[in-house]
Amino acid sequence: MDIHIFDFFPILLFFISFYGLITTSNIIKCIVFIMLMQTSVIMFWLGVGARFGITPPIIGDVAYLEYADMIADPLPQALMLTAIIIGIAVTAINVTMLNALFKKYKTVNWAAMRDLVNKDENTLED
Amino acid sequence: MTQVLLIFWIISAACIIFCRKVYRVIIYFGVFSLITSVIYLSLGAPDVAMSEAGISAFATIFFIVCVEKYYSRGRGLRREQAQEKQHKKLIFTKFVPPLLFTLALFGLFIYFVPTGYAITELRDQYLQMFMIDVGGTNAVTAIYLGYRVYDTLFEALLLVVAVVAVTHVSWLGLDQIPDGRHSEIENSAMAKFTMRIICPIILLFGAYLIMNGHISAGGGFLGGLTLATFFICRYLVLDIYDLPIKKVMKMEELVFINIAILPILAIFTGLVYVVADVAPFFQNIYLIAMSFLIGMKVACGFFILFYRYIAIERL
């Protein structure tokens, strides 16, 4: 089984950050790890068909199309350009929700926050 | 060369994952983003590389503002360490089952992922036709402004939704929007002098990126990010803070309506191609106008996000 190097490393990074996501107890670290997972997905898509000595898809002259094999694929690049902007928007919303939670519970730890939320719910039921 | 960069990439990611202090995580994240953008450049994607470099600066600012608030004077760090000491007995059951689970998933993915091939027909089609269909010489800009303009529309819509959500949650319960806190590095004469030279250059560079997005690397997203960086520099160092935020939000909505209208008029109805002789002229006008609108949109969005984080959350 031979796997391409640009496929192997992004999948490795995805699962390293997945491991970090399910073992950490800090919410800020969780947000950073979600950004890492997003970066790995972007790298996976940009690495489709990547080789050494590849050139950007900026063509000043039609004559360059003779060397079309060495030009990178423009479609994943255009899609990933929008994915990066969406990713920072998602991160901003994550951090905003964290701020709203911090104002209420004064902690950034999942376990401590869960205890406080349970206490709140019990008092509401009483 | 690229293999070495990929190995450094994984090492910096492992530093982020296994580091314990949050400040160090953020600094390592900056290093990680730098290596990532260099790898993007070596993969032949200069637009994506420059976007990643710009985005990482914004993300670092967000997280530093967060950590400055949550961990003021090391209190939070001590609390975190105390909680880790409490759970020290559970360390085996806490770390080993997730590790096994992750390894199993990784093995499955590696075994089943399709690898080693790439479909080149669509790429050849785009590369041969984009100069006639859309215009310009940058294939990436031609795709996201011509062939796949729906993607750009919904991306802009998502940025609007994010800004609305952030402002709604942020200003919840505030009757009046405060003026914000002044930056505290205004006394540094050296930084002030440097910024006075750099700020016009940043503005010029942003305008250059927007106007040249269709013939070289760059485009609306990058130009917008650079324009937003100009306002951040202005606030951080020169302490100028005179933009009315409500007008900026109104302007963002108006710009988004224009982004929706312009492709409908130009591309979907085919007005650009009516006279075949002058079609490249109108195509260039369309591309520059769309880049300008997207640049204004991204600049307004990121300026509002920045305002919210720096000025209001630091209070």
Intermediate values then yes/no, side-chain contact (heavy atoms from CB on, under 4.5 Å), A:Val95 and B:Phe63
CA-CA 8 Å; A:Val95 178; B:Phe63 288 127; 4.1 Å; yes
What's the verdict on side-chain contact (heavy atoms from CB on, under 4.5 Å) for A:Ile88 and B:Phe302, showing C-alpha distance, side-chain angles and the deciding distance?
CA-CA 10 Å; A:Ile88 196 71; B:Phe302 279 92; 3.3 Å; yes
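Between chain A and the residues B:Val25, B:Leu127, B:Ile39, the largest count of heavy-atom pairs under 4.5 Å involves B:Leu127. Note on B:Phe101, B:Tyr147, B:Phe106: by heavy-atom pairs under 4.5 Å with chain A, the leading option is B:Phe106. Ranked by heavy-atom pairs shorter than 4.5 Å toward chain B, the options A:Leu98, A:Thr24, A:Leu75, A:Ile31 are led by A:Leu75. Among the candidates B:Tyr126, B:Tyr40, B:Phe29, B:Tyr144, the residue making the largest number of heavy-atom pairs closer than 4.5 Å to chain A is B:Tyr40.
Scanning both residues, A:Ile93 and B:Ala165, for their nearest heavy atoms gives CD1-CB, 4.3 Å. Among all heavy-atom pairs drawn from A:Gln77 and B:Val48, the shortest one is O-CG2, 3.7 Å. Across all their heavy atoms, B:Asn138 and A:Pro57 have their closest contact at OD1-O, 3.9 Å. Between A:Lys29 and B:Arg20 the shortest heavy-atom distance is NZ-O, 2.9 Å. Taking every heavy atom of both residues into account, A:Ala78 and B:Ile143 meet most closely at CB-CG2, 3.7 Å. Residue A:Ile58 comes nearest to B:Ala217 through the heavy atom pair CD1-N, 3.6 Å, listed as atom of the first residue, atom of the second, then distance.
In this structure, the portion of A:Thr55 lying under 4.5 Å from any heavy atom of chain B is its backbone and not its side chain. Proximity to chain A is limited to the backbone of B:Ser42, based on heavy atoms less than 4.5 angstrom apart. The part of A:Ala100 that comes within reach of chain B is its side chain, from C-beta onward, which places non-hydrogen atoms under 4.5 angstrom from that chain.
Between A:Leu21 atom CG and B:Ile17 atom CD1 the span is 8.5 Å, to the nearest 0.5 Å. Rounding to the nearest 0.5 angstrom, the gap separating the CZ atom in A:Phe9 from the CH2 atom in B:Trp9 is 9.0 Å.
Looking at heavy atoms from C-beta onward, A:Met35 lies out of side-chain contact with B:Phe32 at the 4.5 angstrom threshold.
Near-neighbour residues of residues 149-157 of chain B relative to chain A, defined by a heavy atom under 4.5 Å from a heavy atom of that chain, comprise B:Asp151, B:Glu155.
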